[in-house]
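Working notes, beginning with the structure itself.
Each chain gets a letter, A, B and so on, in the order the sequences are listed, and its residues count up from 1.
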Protein chains: 2
Amino acid sequence: MIAEIISVGTELLLGQIVNTDATFIAKRLAEVGINSYYQTVVGDNPVRLAEALKIAEERSQLLILTGGLGPTQDDVTKGTVADYLDEELVMDEVALKYIKRYFDLSGRVMTDNNQKQALYFKNGRSFPNRNGHAVGTFIQKGAHAYLLVPGPPKELTLMFDTEVLPFLETLIDDDRQYILSKTLRFFGIGESDLATKLNTFIESQTNPTIAPYAGDYEVTLRVTAAGVDANECQVLLEQTISEVLEIVGDYYYGEGEKNSLANTVCELLLEKNITISAAESLTGGLFQSTLISVPGASNYFHGGIVSYNDAIKKNVLGVPAHVLKEYGAVSQECAMAMADEVRRLFQTDIGISFTGVAGPLELEGEPPGTVWIGLSMSDGTVTAQKYRFMHGRTGNRERSVMQGLDIVRRALK
Amino acid sequence: MIAEIISVGTELLLGQIVNTDATFIAKRLAEVGINSYYQTVVGDNPVRLAEALKIAEERSQLLILTGGLGPTQDDVTKGTVADYLDEELVMDEVALKYIKRYFDLSGRVMTDNNQKQALYFKNGRSFPNRNGHAVGTFIQKGAHAYLLVPGPPKELTLMFDTEVLPFLETLIDDDRQYILSKTLRFFGIGESDLATKLNTFIESQTNPTIAPYAGDYEVTLRVTAAGVDANECQVLLEQTISEVLEIVGDYYYGEGEKNSLANTVCELLLEKNITISAAESLTGGLFQSTLISVPGASNYFHGGIVSYNDAIKKNVLGVPAHVLKEYGAVSQECAMAMADEVRRLFQTDIGISFTGVAGPLELEGEPPGTVWIGLSMSDGTVTAQKYRFMHGRTGNRERSVMQGLDIVRRALK
């Protein structure tokens, strides 16, 4: 079965948004072993969309359409495909209730055009949308199958992973190879550096294959094994992974595509029953909001202070005036004092602090990207490390947060 | 002249990279008034690429191919197009010298396959690559024109803006229309609701056209005018925009594709010389880190407290014990006390607070998505508003932050 992704949206043709939907779906298709030779983008235009369908049918069997399922007039995908196939659309009553309930609860008026979001192919099936209103729908007709999924990435990705993909897998020929992948996550090493370290190993590998990807301030390795069943794949994966970790294990923090450094740190805090607080200057709350993005944070996270100027550092956080006067805010001494004070004030086992220069201008004679991260532990140890990042204003902050998480992770190991 | 972007690269079909090249080129084409009805992605496969060319010629006149111009075996674009058109490729001697010099300077050996990067259409022209080695090339044949540009974004964007676009503009009919767009941004109204309110207006509009898009917790309207020159477009836009704002102006917060609610609020704070601090519970620092994402935040943002449990609310922030005891943390009284205390502690003009239930579990008998946002002003006014969001754990937080920004915006207007 060859698949083709058809992205519907004039905003794509105008370059107003990036087509991350196609990337996401393409990745998932590759993972389950469904090939794809073409992708198409077409505007919110029924005639041209029908043309795209005709062309895609000549070369692909599974047509996956994204976008154009919303409530407005320029959302034409469902209607166009239904007309093209001469198939009827019916109301998904459960989805309709869900939409109505949303409008009731949020106290907003549900306009009639919202109803069309609950339509699906009568001779096909519907996929619920847990992050929005437009249901996905699927229909098989002769040699071709048509899958329609919503365009907003949050809606698409959740629906695809939880509803669509398990369904698609039931359609795939049973004699295909079993594929199993694992994603290993690394922090503190660049992609090319990781690739170089693993170079001979990657080149000599045919099964499992190893593919490095550069993420946001981290690198992942996707290890993919093919075999007759899950068990064979599992054995192959474990062997290869242990060889990989022998070479670059020092940078490895965890496994899994949805995993994150924050997640790993939070698991460690929970497991070891250790509490944490934070004092943030240049990161302005980003470390704390990253921590609480992991469910269950209230078990180990008490809170913290964003001290965005010297007066707050002194008066609210309690950094001694002489520290700020003698060493400045961007200093080892200030980072250590911030970490120590926040730990005492919030009565936690660990206090972490961030102070530095996000940019674009320098501060206290230090160039943008200069960051001190302080750590205070309940045993009385107080340390601070200096970094020099070069990721721009926003990137320097994000990178600081990742570095802080890694510092906590290493302290907890 | 209708253009079609054909992106060549198996890595796109596998979802390994995002097709930002197509977005970039599409945007530039729209800016100079070149229409585009389709985009295609095809792998590094000569037969399928030739098929894509044939299809594109049926519906477009300018075929823009990105990617596959490099030195390796899977870089097939130039050779395939040359064979397809039966056109000869010749060496760009200047480009070849440039490549040789690069290898000399970096002390690396230039392998023979690098030479093919300097090839261009003998009956066409070559575009130099200032960020890499593969030249771009263009050829006109009959009714169709073929433009080949490199895939790496740094190489593509520089070449396109400095070499290709000025050249393309010479090809465009002089009587082409001038296109001007403006993006209006709205918060507090859904896409379907906005579309309904503007329904008759949108339907009757032909120039300018109006297209609504749903963003993250906000809606944008793209208003696009066509005319003989910038001035005519500007007049058309202003007229339409003022009519739009008469209907839905209450939800309008600003204009511009890169604008944001945070940006608008920060501009207002700066302009009115008003300082702000925040006390965050369920949002855990996200409001503050959103504020500081706008450059210049230290002019009006002093900092804040993340109070993730009752003890911190009481001991660090100073919320009276009886408030927590009598009303609980998820209450109007607590939100008001938090906003007021943080404003005093951080000595700012405005104090804002967030307390509520992110989810997935309920808290103090309140369902997930229940959020109180408090506001304390220097004139002594303290208020709090209750919301019920339904965006899931992370979404409820993000939406709370947006709502908080809107509350500040309305207070400052």
Which atoms of [X] come close to chain B, meaning under 4.5 Å heavy atom to heavy atom: side chain ones, backbone ones, both, or neither?
{"X": "L29(A)", "answer": "neither"}
{"X": "V18(A)", "answer": "both"}
{"X": "R130(A)", "answer": "neither"}
{"X": "S293(A)", "answer": "backbone"}
{"X": "A22(A)", "answer": "neither"}
{"X": "L282(A)", "answer": "backbone"}

Residue selection (most heavy-atom pairs with chain B, distance under 4.5 Å) from G132(A), G107(A), P295(A), S36(A): P295(A)
Please look at [X] and chain A and tell me whether the side chain, the backbone, both or neither of the residue comes under 4.5 angstrom of a heavy atom of that chain.
{"X": "V42(B)", "value": "both"}
{"X": "A214(B)", "value": "neither"}
{"X": "L194(B)", "value": "neither"}
{"X": "N45(B)", "value": "neither"}

Decide whether [X] and [Y] meet the rule of one side-chain donor and one side-chain acceptor closer than 3.5 Å.
{"X": "T196(B)", "Y": "N113(A)", "result": "yes"}
{"X": "S192(B)", "Y": "N114(A)", "result": "yes"}
{"X": "Q73(A)", "Y": "E203(B)", "result": "yes"}

Y38(A) side chain vs R48(B) backbone, donor-acceptor pair below 3.5 Å: yes
Top contributor to chain A contacts, counting heavy-atom pairs under 4.5 Å, from [options]:
{"options": "Y308(B), F389(B), F301(B), F24(B)", "value": "Y308(B)"}
{"options": "I55(B), N19(B), T20(B)", "value": "I55(B)"}
{"options": "G304(B), A30(B), A195(B)", "value": "G304(B)"}

Test log, rule side-chain contact (heavy atoms from CB on, under 4.5 Å), inputs K27(A) and L14(B): CA-CA 5 Å; K27(A) 202 173 168 200; L14(B) 292 173; over 6 Å; no
CD on Q16(B) to OG1 on T23(A), rounded to 0.5 Å: 11.0 Å
Residues forming a side-chain hydrogen bond (donor to acceptor under 3.5 Å, both in side chains) with S307(A), sequence neighbours excluded: none
Closest non-hydrogen atom pair, G15(B) against A26(A): N-CB, 3.5 Å
Residues in ring pair (Phe, Tyr, Trp, His ring centres under 6.0 Å) contact with Y300(B), at least two apart in sequence or another chain: none
Part of residues 393-400 of chain B lying next to chain A, heavy-atom separation under 4.5 Å: R393(B), R397(B), E398(B)
Residues of residues 3-13 of chain A within contact distance of chain B, non-hydrogen under 4.5 Å: E11(A), L12(A), L13(A)
